[in-house]
Protein chains: 2
Amino acid sequence: METIDNHNIYADADIERAARCLKAMSHPLRLKILCVLGTEAISVQDIVEKVGTSQSNISQHLSILREKDILGFKKDANRVFYYIDDPRMLKLIEMMREIFCAECK
Amino acid sequence: METIDNHNIYADADIERAARCLKAMSHPLRLKILCVLGTEAISVQDIVEKVGTSQSNISQHLSILREKDILGFKKDANRVFYYIDDPRMLKLIEMMREIFCAECK
DNA sequence: GCTATTGTTTAGCGTTTTCTAATGTACAAT
DNA sequence: ATTGTACATTAGAAAACGCTAAACAATAGC
């Protein structure tokens, strides 16, 4: 019966935010997009080739990641280059690699 | 044109596995369950109280986490105690807290 | 035996996700 | 101008999700 309910260590707002972030990464294609991006800025066309699905499909997934402020982009003439804009996401990607790829070498 | 296609650094199997894991965590209630569990084994009833939704709903989410081998459980008389069984998941939870709760203090 | 407690499962329904296919838009090159 | 390239958007259908409510199962206590 404290002033602040400490039976709940985790703020629901943090949980919601984290869950939304995880959800964005939780699709194989989106996760792969994030992995191939890493710290680079890559054009949609190149992403399509590296990830391997239709251009329309990639575009839709990019739009999802864009809406959640995970990706940024810059246009250059005909092309659009996407990059990971959220530093937390970069950390997460790195950690995911450590955790899920450590034993598979 | 190497023997192993290195235009693709990330094995699709790893991606799939990681994505499945992320998906399991990507629901607010499930994430919260994992957070309150931490390294402990907690009964369903206690989880219900700490997480805050119906018992049936918690049970369903527990079942999802169980199916994906993220949670283990042991029965004791009337109760069932759940715990995080996958060490990778524990790491992930820890990292999530660092990333999403670091700046919010 | 009953009754309460603890937990799981099923059914059903509305919502969300994710894909394919088609269309639209903008710039480039000729 | 028209043709090609790069990308976004829309529409629509199938599947997956997530909830409430209800039924079910197992143990505990009387």
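The chains referred to below are lettered A, B, ... by the order of the sequence lines, with proteins before strands, and numbering in each begins at 1.
Remark: A:Lys32 engages B:Asp12 in a salt bridge, criterion side-chain N to carboxylate O under 4.0 Å. At a threshold of 4.0 Å, the pair A:Arg79-A:Asp76 does not count as salt-bridged, since none of the basic side-chain nitrogens sits closer than that to a carboxylate oxygen.
In this entry the distance linking CG of A:Leu71 with P of D:dC7 reads 14 Å, nearest Å. What separates CG of B:Leu62 from C1' of C:dG7 is a distance of 10 Å, to the nearest Å. One interatomic measurement links the two molecules: CD of A:Gln45 to P of C:dC27, which rounds to 18 Å at whole-angstrom precision. Rounded to whole Å, atom P of C:dT17 lies 12 Å from atom CZ of A:Arg20. The CZ atom of B:Arg79 sits 10 Å away from the P atom of D:dG29 (whole-angstrom rounding). Rounded to whole Å, the distance from CD1 on B:Ile47 to C1' on C:dT5 is 17 Å. For B:Asn57 and D:dA22, the CG to P distance is 16 Å, given to the nearest whole Å. The distance between atom CG of A:Asp76 and atom P of D:dC7, rounded to the nearest whole Å, is 10 Å.
Here the CG atom belonging to B:Leu71 is positioned 9.5 Å from the CG atom belonging to B:Asp86, to the nearest 0.5 angstrom.
Remark: B:Arg66 is positioned above the aromatic ring of B:Phe73, its terminal NZ or CZ atom under 6.0 angstrom from the ring centre and at most 45 degrees off the axis. Figure legend: cation-pi geometry between B:Lys74 and B:Tyr83, with NZ or CZ positioned under 6.0 Å from the six-membered ring centre and within 45° of its axis.
Side-chain proximity of B:Ser54 to the nucleotides D:dG18, C:dT8, D:dT20 is greatest for D:dT20. Set against C:dT9, D:dA8, C:dT18, the side chain of A:His27 has C:dT18 as its closest nucleotide. Residue A:Asn78 places its side chain closer to D:dG4 than to any other of D:dG4, D:dA28, C:dT8. Here C:dC19 is the nucleotide among D:dC7, C:dC19, D:dT9 with the atom lying nearest to any side-chain atom of A:His61.
Judged by distance alone with a 3.5 Å cut-off, no donor-acceptor contact links the side chain of A:Gln60 to the base of C:dT17. Taking 3.5 Å as the limit, the base of D:dT5 and the side chain of A:Gln55 contain no donor-acceptor pair of atoms between them. Residue A:Ser56 places a side-chain atom within donor-acceptor reach of the base of D:dT9, judged by atom type and a 3.5 Å distance cut-off alone.
Nucleic acid contact class of A:Lys23 (heavy atoms, under 4.0 Å, all strands): sugar-phosphate only. Among the heavy atoms of the strands lying under 4.0 Å from A:Tyr82 are primed sugar atoms or P, OP1, OP2 only; no base atom is included. When heavy atoms are screened at a 4.0 angstrom cut-off, B:Ile58 is found touching no nucleic acid atom at all. Among the protein residues, B:Phe81 comes within range of no part of the nucleic acid, since none of its heavy atoms lies under 4.0 Å from any strand.
Toward the 5' end of DNA chain C, the nearer of the two residues B:Asp46 and A:Thr53, judged by each one's closest nucleotide, is B:Asp46.
Regarding contacts with the backbone of C:dT18, a side-chain N or O of A:Arg30 is found under 4.0 angstrom from either OP1 or OP2.
Across A:Met95 and B:Ile99, no two heavy atoms sit closer than the pair CE-CD1, 3.5 Å.
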